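Down below is the structure, laid out as structure tokens.
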Amino acid sequence: MTHPSHESDGYSTLPSSSEHDPPLESHGEEDASTTPLLSSHSDLRGGTLTVHPDGETYSYAYGPPGLAGLMHNSYGLGCAVFASLGGLTFGYDQGVIANVLVMKDFVERWPVSAWETGLMTAVLELGCLFGALLAGVLADRISRRGSIAIACVVFCTGSALQCWAESLTQITVGRAIGGFGVGALSMLSPLYMAEISPPELRGSLMALEQFSIVLGCVIGFWTGFFTRSIPGSRSWRIPLGLQLIPGIFLGCGTYFLPPSPRLLIMQGKREAALASLARLRLRPLDVARQDPLVLTELLEMEVEVTLLRKVTESDGKNVWRNEALAWARLFDPRYIDRTWVGVLIMFFQQWSGINALIYYGPSLMRSLGLNGDSVNLLVAGGINIVQFLAVFPAILYIDEWGRKPLLRVGSATMAAAHLLIALLVFQFEGRWQDHVTAAWLAVGCVYIFTASYGMSFGPVGWVLPSEVFPLTMRGKGVSLSTASNWLNNFLIGLVTPALMEASPSITFGVFACACFAAYLWSTYVVPETANVSLEMIDEVFNSSAGREDMLLKKQVERDLGLYDWISGISELRSIP
């Protein structure tokens, strides 16, 4: 392989002082704080690359983290925001169904039991389960963008069927079909966003998925709230039909999104990957061909693809065997820890109880003693607003604060809130009118829980699965993790109405236990992945990667010239 040129446009050597360096991606095990001298380079576009004296460990960033970084790369932010519309489709359906299920025309037209309500709500999640699993195959075989477009077509088909339904069966079938598309989008959008994000902004951009979901919840809920008084079936057909808009917009807009450079490298299209990466990092292509940051990131992608091809046994003639082997690798002892992280983060995200609050908010508020449809709907709608506002700190500071601290604090607060609600319901159920303060205290605890979720398991649940899997496993790994989300979402939607009908206090007690288990898991099991590049994520899973894989990886890095490239940069006193 021809090594990249060491000459670059607009770079100069900086003094080795930490005050010049923004938070960077760290590569290698050496602690930079103990390093006596660093070779640090910065360009006029805000990028910084620091090479440690050993010539092999290094760190880099294209700009500052947080809000300043998002503004610094407005194009990457725009692409991520647009891709996150896949989450908007999910959130809108969650938000709108809570109102549809209690609308006068809907209830009079099709009276349903608690179990039938749960089934109609949960069938979307069941469709999402299969959609997420199939999307993992399409993402690798077609492309990230092409798969998103197909998922949008499926989603719009299901939405149209719901809008013009003439029977409860048609609505149920429409929700299942729409769920197939929503499930695929819930896997594809975070996957694509992770692969186009600059390293210092990956957490913030990935948190946009949760932001989009919550925004969809808010729009869906309040759309249904304001259409509920329209006479006849238009009261529920209008909000169900409006969900076609983001599906059509996203499906048509994928044509204008840049392709994933990491997927292009996996497909052997290096020049196309370089062009896409240059576009995403705001570098002209001729400049990107000599830019140290772009070429370093591109080399990292090539290293990972080469490594994983060496350790993956595949038969190019047997497609089905290759597919089975690819799925089986998720359960290989070397990678099972990663798989469990992806599966369990989604398990705890759902069993925290958040979607039970969203789906059955009005019913829940009635169980807490609040009377009147307007009061119930307004308080339940407040849940979505609180969650919406709570996502903003996570977007801005998830890379600075880290994933693990957010999960620990969030799960502990959620467990305490659920426990207090369970005790209040147990003590005052049936006597809320005589204990109005207790009822509003319970509502306050619901809001505290929602805010904690919005800053922790909500956004982090979409970030971790897209970070922990290596490139050739990432599509199926994220797919399996998202399938875990939908399977547990389905179970929550199915059992919550019956469980609430039997005992609201036990329902909140179950959620409290799940949140406490999430605290133990996030404290003792979850690794910290903040400020670790996707290509170097193996290093936070030392127990599962194996020494042989690490040695092979270093050999591949040497063979492809990564160390020569980094050493060459460190030897430069200045780059004209």
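Since the model is a prediction, treat every value here as computed from it, not as a measurement.
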Original post:
Do the non-hydrogen side-chain atoms of Q350 and W486 ever get within less than 4.5 Å of each other?
Top reply: no
Subject >> side-chain contact (heavy atoms from CB on, under 4.5 Å) partner of W236, the single match among R228, M103, Q162 >> reply: M103
**OP:** Quick one: do W565 and L299 satisfy side-chain contact (heavy atoms from CB on, under 4.5 Å)? Show the steps, please.
**Re:** CA-CA 9 Å; W565 166 236; L299 268 172; 3.5 Å; yes
**OP:** For L208 and M193, run side-chain contact (heavy atoms from CB on, under 4.5 Å): C-alpha distance rounded to whole Å, both residues' side-chain angles, the deciding distance at 0.1 Å, then the answer.
**Re:** CA-CA 9 Å; L208 287 173; M193 293 161 65; 3.9 Å; yes
Original post:
Looking at side-chain heavy atoms only, is the closest gap between N488 and M346 below 4.5 Å?
Top reply: no
Subject >> Aromatic ring pairing Y62/Y60, orientation class (parallel under 30°, perpendicular over 60°, tilted between) >> reply: perpendicular
**OP:** Would you mind checking if E200 and R281 are paired as a salt bridge, meaning a charged N to carboxylate O distance below 4.0 Å?
**Re:** no
**OP:** For the residue pair K476 and L330, establish whether any side-chain heavy-atom pair is separated by less than 4.5 Å.
**Re:** yes
**OP:** Could you tell me whether the side chain of L242 reaches within less than 4.5 Å of the side chain of I219, counting heavy atoms only?
**Re:** no
Original post:
About how many Å separate CD1 of I265 and CG of L298, when rounded to the nearest 0.5 Å?
Top reply: 4.5 Å
Original post:
Nearest 0.5 Å, what's the CG-CD distance between L407 and E528?
Top reply: 8.5 Å
Original post:
Please walk me through it: do V182 and L185 pass side-chain contact (heavy atoms from CB on, under 4.5 Å)?
Top reply: CA-CA 5 Å; V182 170; L185 289 172; 5.6 Å; no
Subject >> Distance in Å, L240 CG paired with S233 OG, rounded so as to fall on 0.5 Å steps >> reply: 10.5 Å
**OP:** Side-chain contact test, heavy atoms from C-beta onward, threshold under 4.5 Å: evaluate it for Y192 versus L257 and give yes or no.
**Re:** yes
**OP:** To the nearest 0.5 Å, tell me how far I354 CD1 sits from N489 CG.
**Re:** 11.0 Å
**OP:** Please tell me if the side chains of T227 and R234 come closer than 4.5 Å, counting only heavy atoms from C-beta onward.
**Re:** no
**OP:** Inspect the surroundings of CZ in F249 and state if more than 12 heavy atoms from other residues, nucleotides or ligands are less than 6.0 Å away.
**Re:** no
Subject >> Lys/Arg N to Asp/Glu carboxylate O, E297 vs R262, below 4.0 Å >> reply: yes
Original post:
So, F211 versus W462, ring centres under 6.0 angstrom or not?
Top reply: no
Original post:
To the nearest 0.5 Å, how far apart are CZ in R237 and CZ in F106?
Top reply: 10.0 Å
Original post:
Could you state the interatomic distance from CG (L560) to OG1 (T306), rounded to the nearest 0.5 Å?
Top reply: 4.5 Å
Original post:
Does the side chain of R283 reach to within under 4.5 Å of the side chain of L293, using non-hydrogen atoms?
Top reply: yes
Subject >> Min side-chain heavy-atom separation D93-F155 under 4.5 Å >> reply: no
